[in-house]
2 protein chains.
Amino acid sequence: MGDLEIRPAVADDVPVIVAMLADDPLGAQRESPDDLSPYLAALDRLNGDPNQHLVVAVRGGRVVGTLQLTIITGLSRKGATRSIIEGVRVHADERGSGLGSQLIEWAVDQSRCEGCQLVQLTSDATRIDAHRFYERLGFTASHVGFKLPL
Amino acid sequence: MGDLEIRPAVADDVPVIVAMLADDPLGAQRESPDDLSPYLAALDRLNGDPNQHLVVAVRGGRVVGTLQLTIITGLSRKGATRSIIEGVRVHADERGSGLGSQLIEWAVDQSRCEGCQLVQLTSDATRIDAHRFYERLGFTASHVGFKLPL
């Protein structure tokens with residue numbers, strides 16, 4: 001499949017990232033690939049925050065995956081720093097290639113480098129395959145995730 | 001019960017915050033109230049980050065509650081900003097007083113002020129009473145929360 005590089009996302013990657021966010025049963029209802037301006041503004045905000053890592057996975061010059069890793073310090077658990085993974089997407093052509101695991105392993109390694117004691121994420125209750133995937137990678141489904149749209 | 005003030009936490013609040021974090025079936029195993037140094041270091045990190053709000057609820061000069069609100073921008077959902085609530089604690093003397101709801105309502109209002117489109121949190125699967133509490137406040141238990149200790 002060729003070498004894989006995982007690197008910070010730049011503005012030129014945004015169209016492909018948004019296409020991947022939208023190419024998903026849940027994302028299709030939430031995204032607007034025809035208007036990239038809110039996504040470019042969000043990338044500017046992310047790039048100004050040292051606790052944010054929006055990355056893309058690149059193979060053979062093509063962006064084939066993405067995730068967002070946020071580093072969150074806090075007082076709980078003896079002042080532990082934790083990280084949160086959001087927005088994991090793998091291009092349709094790459095599903096089953098192991099790329100999802102490589103992205104999560106990157107996020108776990110990066111979290112360890114930044115002194116995190118815990119990595120966490122939430123997955124929609126309907127994404128049964130994703131739940132099995134995270135459990136295979138050593139995550140425990142110990143929590144219930146609540147959301148309130150504003 | 002007297003007037004309630006919700007304000008940013010300062011170093012003098014840390015002993016009470018840590019005592020509340022530890023006065024909890026899960027927290028008791030995780031915290032070290034006898035050594036405050038890691039908590040004070042974490043407070044310094046939080047205070048340097050404009051996306052972090054560690055607050056205390058004060059009634060009659062006593063700290064009686066706490067929570068941490070983190071603002072997270074991202075590309076998903078048309079560049080939506082979301083917030084995450086962590087470390088919600090109410091002093092044993094105040095349980096049942098409505099203070100928990102007031103803290104969450106503060107966090108929701110603050111999230112709205114900062115342009116968030118979504119508030120989210122996770123709660124340990126064993127905290128059944130907390131789940132009912134969040135559902136009463138309008139949250140939906142739509143996700144599974146995964147954790148990986150490092």
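Reminder, nothing fancy here: chain letters follow the sequence lines and each chain counts from 1.
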- request: Can you tell which part of A:Ala141 gets under 4.5 Å to a heavy atom of chain B, answering side chain, backbone, both or neither?
  value: both

message: Tell me whether A:Arg82 contacts the main-chain N or O of B:Pro149 through its side chain, where contact means a donor paired with an acceptor under 3.5 Å.
response: no

- request: Look at the side-chain heavy atoms of Ile, Leu, Val, Met, Phe, Trp and Tyr, link any pair under 4.5 Å apart, and say whether A:Ile71 and A:Val108 land in one connected group.
  value: yes

- prompt: Should the pair A:Phe146 and B:Phe139 be assigned to parallel (<30°), tilted (30 to 60°) or perpendicular (>60°) ring geometry?
  reply: perpendicular

query: With only heavy atoms counted, which part of A:Leu121 is less than 4.5 Å from chain B, the side chain, the backbone, both or neither?
result: both

- request: Over all heavy atoms of both residues, which pair between B:Gly74 and A:Ala42 is shortest? Give the atoms and the distance, please.
  value: O-CB, 3.3 Å

- request: Among the options A:Pro38, A:Ser142, A:Gly79, pick out the one with the most heavy-atom pairs lying under 4.5 Å from chain B.
  value: A:Ser142

message: Heavy-atom cut-off 4.5 Å, strictly under: side chain, backbone, both or neither for A:Ser37 against chain B?
response: neither

message: Do A:Gln120 and B:Glu86 make a side-chain contact, defined as non-hydrogen atoms from C-beta onward lying under 4.5 Å apart?
response: yes

- prompt: Do A:Leu150 and B:Gln117 have side-chain heavy atoms sitting under 4.5 Å apart?
  reply: no

Partner chain B: residue of A:Thr70, A:Leu137, A:Ile72 with the largest heavy-atom pair count (under 4.5 Å): A:Ile72

A:Thr122 side chain reached by B:Val144 side chain, heavy atoms, under 4.5 Å: no

message: Quick one, B:Arg30 and A:Lys78 - any side-chain contact, counting heavy atoms below 4.5 Å?
response: no

- prompt: Can A:Asn51 and B:Asn51 be counted as having a side-chain donor-acceptor contact under 3.5 angstrom?
  reply: no

query: Which of the residues B:Val18, B:Leu46, B:Val14, B:Ile17 is involved in the greatest number of heavy-atom pairs with chain A at under 4.5 angstrom?
result: B:Leu46

- prompt: Is it the side chain or the backbone of B:Ile84 that comes within 4.5 Å of chain A heavy atoms, both, or neither?
  reply: side chain

- prompt: Do B:Thr66 and A:Leu75 have side chains that get closer than 4.5 Å, going by heavy atoms?
  reply: no

task: For chain B, find which of A:Ser32, A:Ala9, A:Gly87 contributes the most heavy-atom pairs closer than 4.5 angstrom.
output: A:Ser32

message: Quick check: do B:Glu31 and A:Ser76 have side-chain heavy atoms less than 4.5 Å from each other?
response: yes

field: Max heavy-atom pair count under 4.5 Å with chain A, selected residue of B:Thr81, B:Leu21, B:Asp35, B:Thr73
entry: B:Thr73

Verify same cluster id: B:Met20, B:Leu40 (apolar side-chain graph, 4.5 Å): yes

statement: Turns out that what part of A:Ile85 lies under 4.5 Å from chain B's heavy atoms comes down to neither

Within one Ile-Leu-Val-Met-Phe-Trp-Tyr cluster: B:Val56 and B:Trp106, side-chain cutoff 4.5 Å: no

message: In the structure I gave you, are the side-chain heavy atoms of B:Thr140 and A:Leu148 within less than 4.5 Å of one another anywhere?
response: no

